[in-house]
Amino acid sequence: MSSPDPTEKDHRTFGSQSTAPGEYHPSTDRRNTETRLIDGKEVEVISWDGPNDPDNPFNWSLKYKWFLTVTVCFISILTGLPAGSCGAGNELMAERFHVQNEPFPNLYWATCSWNVGAALFPLVFVPLTENTGRMPGYFVAYIVFELFLFGSAFADNYATLVVTRFFGGGASSVSINIVGGSISDVWKGDKARSLPMSLFGFTSVTGIALGPFVGSAIMQIPKPAIGLDSPWRWIYYIQIIYNAALIPVFYLILKETRGDVILKASAKKLRKQTGRPIYAESELEKQSIPTLLKISFMRPTKMLLTEPVVIFFTLWISFAWGILFLFFSSVVQTFSTNYNFDTFQTGLIQLAITVGALIGTFINPLQDWLYLRTALKNNERPGKPIPEARLYNSIPGSILFTGGLFMYGWSSIPDVHWIVPTIGVCIVGVGIYSIYMGVVNYLTDAYEKYAASALSAASLGRNAFGAFLPLASFQLFDTLGFGWAGSLLGFIGAILSVVPIVLVIKGRDIRAKSPFMLDSTFDEDEADKRRNTLPGKGPDFGPAGVAGGPLPGVVGKGV
């Protein structure tokens, strides 16, 4: 169907129509409509029943919003755990599959394939949920995730394990990345999103960081080393059991959060009940699944190639994420060599990353306070916080990240108590959380309507680093020594710390050149104000008419 060309408007509300009792469902009976002529045919286009429509996710009760937020963040923990838990069974898997793990960590290919899947899948499937809905995305991804955990548990050779881990990691990452979109769907405005995004950041880091501990704890189960009852297989069995048990629980708790999809369902129901040509705005340019897949792939790819903020933030978070996965192998290497720690003890050491993320979570309200206070000093948009203020904590966080790497490297010697390098790991955890929150919060706020696309683009880079950087871990620390290996990583971290500083200083100029940011808000009045208040921009300045802007016909449709 062609683009709408409204020639006539007839505003009314379904609730005001004369209908038989019970003819409409209460939630769909209350809809505003606008009559339009499209291709010579009169159709009715529904919208929310004013700004306070209770069916609009932004207007849901505070209690349910938090219930939903905690639930989807819990999903991010559950789907993140398998990323690092499998490494606890490396010794038994090396024996079972006849894989040599030194000097090159060949067993890490299972984690590498997990991260490659995690890098690629969200690029296509997460933005697709902006058109098809979050709930189908969650449940399809979660079921695929569960099925491939099953495949990994019963793998009869190492190649099968690597392949099943690829698909499991892809499905896991889709679930995790949808969480950011869900939060953006129900929490409107910078202030409202701050605490939910802080929780999301904590669970995203913690879900992965807890993996080695969970895996090493399961490995303590007294089971025969070989056969289908081997402890490394139980790492998967246990996760299969509790994830399968929680699927119906999540089904009962969660409901669709994407506003466009809710209106589309209402229109479909009303068409069936009344026989009238009633449509939601998002249905007027109905597109095929292949077209939607193309758009959902092109938008984050375009952002990753043309948006400077997305490009440099991706590099910044990618290195931090690579270090998170590098610790899976390097902590085992350093603490087993220097302190004769076993698998369970090294798993306990890696809890320090989670402790660091928890510390970062407690500090984050200070970041939110600083951010909101900038509304008083915003000359560009008086009364609105300065977007770059989202990055204040991430600057010292980057410094802590760098310092923690130096501390971890130079204190990892037998003469220094093991608690010192452990504190270094904890400090790195604080830094990773701060960097992650800076990236996620800024991208979510700046690209509000396209938050899932921006986060998918960043996810591609960070999971790619998480896949391949740890492959160099053994040789890096063995060749350079623990101190200089930590220093090399620290120097790279120091260089990347410049990214948030540059954006804080030059952020306004960068935003003025980003058509995506100009059109990303859900509030059309806000979008107009953004265009009009930027130097040299007027009301006709829009992304569809700017080179490098979003796809024409897609912008502003909430897809």
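Just so you know, these numbers use all the heavy atoms, side chains as well, and skip hydrogens, waters and symmetry mates. Since this is a predicted model, take the numbers as computed values, not measurements.
Judged by distance alone, with hydrogens and angles left aside, the side-chain atoms of Ser76 form a donor-acceptor pair with the main-chain N or O of Cys73 at under 3.5 Å. When atom types are taken as modelled, the side chain of Asn59 and the backbone of Pro51 share a donor-acceptor pair closer than 3.5 angstrom. Between the side chain of Ser172 and the backbone N or O of Gly168 there is no donor-acceptor pair closer than 3.5 Å. Between the side chain of Glu388 and the backbone N or O of Ile505 there is no donor-acceptor pair closer than 3.5 Å. Not one N or O on the side chain of Ser184 forms a donor-acceptor pair closer than 3.5 Å with the backbone of Gly180. Looking only at distances, a side-chain donor or acceptor of Asn243 sits under 3.5 Å from a matching main-chain atom of Gln239. Side-chain atoms of Thr129 never come within 3.5 Å of backbone atoms of Phe125 as a donor-acceptor pair (strictly under, hydrogens ignored). In terms of modelled atom types and a separation under 3.5 Å, the side chain of Gln367 and the main chain of Asn393 share a donor-acceptor contact. In this structure, Thr374 contributes its side chain and Tyr371 its backbone to a donor-acceptor pair below 3.5 Å. Using modelled atom types, no side-chain atom of Arg165 and backbone atom of Leu149 make a donor-acceptor pair closer than 3.5 Å.
Annotation for Phe74: atom CZ does not count as buried by contact number, only 12 or fewer foreign heavy atoms lying within 6.0 Å. Counting heavy atoms of neighbouring residues, nucleotides and ligands inside a 6.0 Å radius, atom CZ of Phe104 exceeds 12 of them. Within a 6.0 Å sphere centred on OH of Tyr64, other residues, nucleotides and ligands contribute more than 12 heavy atoms. Taking a 6.0 Å sphere around NZ of Lys506, one finds it holds 12 or fewer heavy atoms contributed by other residues, nucleotides or ligands. Around the CZ atom of Phe312, the shell of radius 6.0 Å holds no more than 12 heavy atoms that belong to other residues, nucleotides or ligands.
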Decide yes or no on side-chain contact (heavy atoms from CB on, under 4.5 Å) for Glu256 and Arg134, but give the supporting numbers first. CA-CA 6 Å; Glu256 182 56 56; Arg134 310 297 189 195; 3.6 Å; yes
Where do Val428 and Ile353 land on the side-chain contact (heavy atoms from CB on, under 4.5 Å) test, with the steps shown first? CA-CA 7 Å; Val428 171; Ile353 300 175; over 6 Å; no
Should Leu78 and Phe250 be marked as a side-chain contact (heavy atoms from CB on, under 4.5 Å) after you check the CA-CA gap, both sets of side-chain angles, and the distance that decides it? CA-CA 12 Å; Leu78 296 177; Phe250 294 145; 3.9 Å; yes
Give the intermediate values and the outcome of side-chain contact (heavy atoms from CB on, under 4.5 Å) for residues Thr314 and Arg462. CA-CA 7 Å; Thr314 297; Arg462 64 185 171 88; over 6 Å; no
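From Leu489, atom CG reaches atom CG of Leu476 across 5.5 Å, with rounding to the nearest 0.5 Å. Within the model, atoms CD1 of Ile323 and OG of Ser318 stand 11.5 Å from one another, a figure rounded to the nearest 0.5 Å. We find the CZ-CG distance between Arg258 and Leu263 to be 11.0 Å, quoted to the nearest 0.5 Å. Between the CG atom of Leu81 and the CD1 atom of Ile235 there is a distance of 11.5 Å, given to the nearest 0.5 Å. Atom CD1 of Ile178 and atom CG of Asp185 lie 10.5 Å apart (nearest 0.5 Å). Rounding to the nearest 0.5 Å gives a distance of 7.0 Å between CD1 of Ile75 and OG of Ser175.
Between Tyr436 and the options Trp321, Tyr442, Phe202, Phe401, a ring-ring contact (aromatic ring centres under 6.0 Å, His included) holds for only Trp321.
When every heavy atom of Ala153 is checked against every heavy atom of Ile240, the shortest pair comes out as CB-CD1, 4.0 Å. Annotation for Tyr392 and Val504: closest pair CE2-CG1, 4.2 Å, computed over non-hydrogen atoms. Across Thr79 and Pro82, no two heavy atoms sit closer than the pair O-CD, 3.6 Å. Here the closest non-hydrogen pair linking Ile262 and Pro57 is CD1-CG, 3.5 Å. Across all their heavy atoms, Ala267 and Ile46 have their closest contact at N-CD1, 3.6 Å. Counting all heavy atoms, side chain and backbone alike, Gly438 lies closest to Leu391 at O-CD2, 3.6 Å.
Residues Ser398 and Ile435 have side chains in contact (heavy-atom distance under 4.5 Å, counting atoms from C-beta outward). For the pair Thr111 and Pro470, the minimum side-chain heavy-atom distance is 4.5 Å or more. Side-chain atoms of Tyr108 and Phe325, non-hydrogen and from C-beta on, do get closer than 4.5 Å to each other. Inter-residue side-chain proximity for Phe474 and Ser330 is flagged as unmet; no heavy-atom pair is nearer than 4.5 Å. Side-chain contact between Tyr236 and Ser85 is absent, with no heavy atoms from C-beta onward closer than 4.5 Å. When side chains are defined from C-beta on, Val179 counts as touching Tyr138, because their heavy atoms get closer than 4.5 Å. Taking the side chain as every heavy atom from C-beta outward, Phe167 and Phe145 never approach each other to under 4.5 Å. With a 4.5 Å cut-off on side-chain heavy atoms, Leu503 and Phe313 count as touching.
Between the side chains of Asn364 and Thr361, no donor N or O sits under 3.5 Å from an acceptor N or O. No side-chain donor from either of Thr354 and Tyr433 sits under 3.5 Å from a side-chain acceptor of the other. Remark: the Ser394 side chain and the Trp316 side chain contain no N/O donor-acceptor pair separated by less than 3.5 Å.
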Table please: side-chain donor-acceptor pairs of residues 114-121 below 3.5 Å, with sequence neighbours left out.
unit_1 : atom_1 : unit_2 : atom_2 : d
Asn115 : ND2    : Gly466 : O      : 3.0

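Within the 6.0 Å centre-distance limit, the rings of Trp66 and Trp187 are counted as a close aromatic pair.
Of the charged side-chain nitrogens involved, at least one lies within less than 4.0 Å of a carboxylate oxygen, so that Asp368 and Arg390 count as a salt-bridged pair.
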